[in-house]
Amino acid sequence: MAAAAGLALLSLAACNRAPPPAPKTYQVTIANMAYGPTPSGLRTGDVIEWVNNDIFQHTATAKDGSFDVDLPPQAHARTVLKAPGVVAFYCRYHPGMTGKLVVAG
Ligand SMILES: [Cu+2]
């Protein structure tokens, strides 16, 4: 009896908790030797879709090593944001190309 009541309370508590927001996909476009603006409001689990619209090969390489994506001309590639924090990234071929992702938990 008491166990059943406890179980009912537990499931009620689970229902009242707000579900985590569904992951979103954001595009970051590369053109003219530069990354486009990085999106704000990023959360853990969201996806960055890198789109290289340039005529050159680029990469999106995290300074902390959390991702390293090769992007031939016209390529698309996806990175899942696995942890909160600020991740600076750059292009391995053109170190002057830089950007920053700010990811909330
Ligand atoms: Cu590059």
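Indexing begins at 1, ligand by ligand and atom by atom, following the structure's order.
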>> Strictly under 2.8 Å of the Cu ion (ligand 1): which protein N/O/S atoms qualify?
In response: His58 ND1, Cys91 SG, His94 ND1
> Do side-chain atoms of Thr44 reach the backbone of Ala104 as a donor and acceptor pair under 3.5 angstrom?
Replying inline: yes
> Is the backbone N or O of Thr59 less than 3.5 Å from a side-chain atom of Tyr90, with the two atoms forming a donor-acceptor pair by type?
Replying inline: no
> Name the one of Val87, Ile48, Thr61 that satisfies side chain to side chain contact (heavy atoms under 4.5 Å, CB included) with Phe67?
Replying inline: Val87
>> Please confirm whether the ring centroid of Phe56 lies under 6.0 Å from the ring centroid of Tyr93.
In response: no
> Any chance CZ of Arg92 has more than 12 other-residue heavy atoms, nucleotides or ligands included, within less than 6.0 Å?
Replying inline: yes
>> Between Lys82 and Ser66, is there a side-chain heavy-atom distance shorter than 4.5 Å?
In response: no
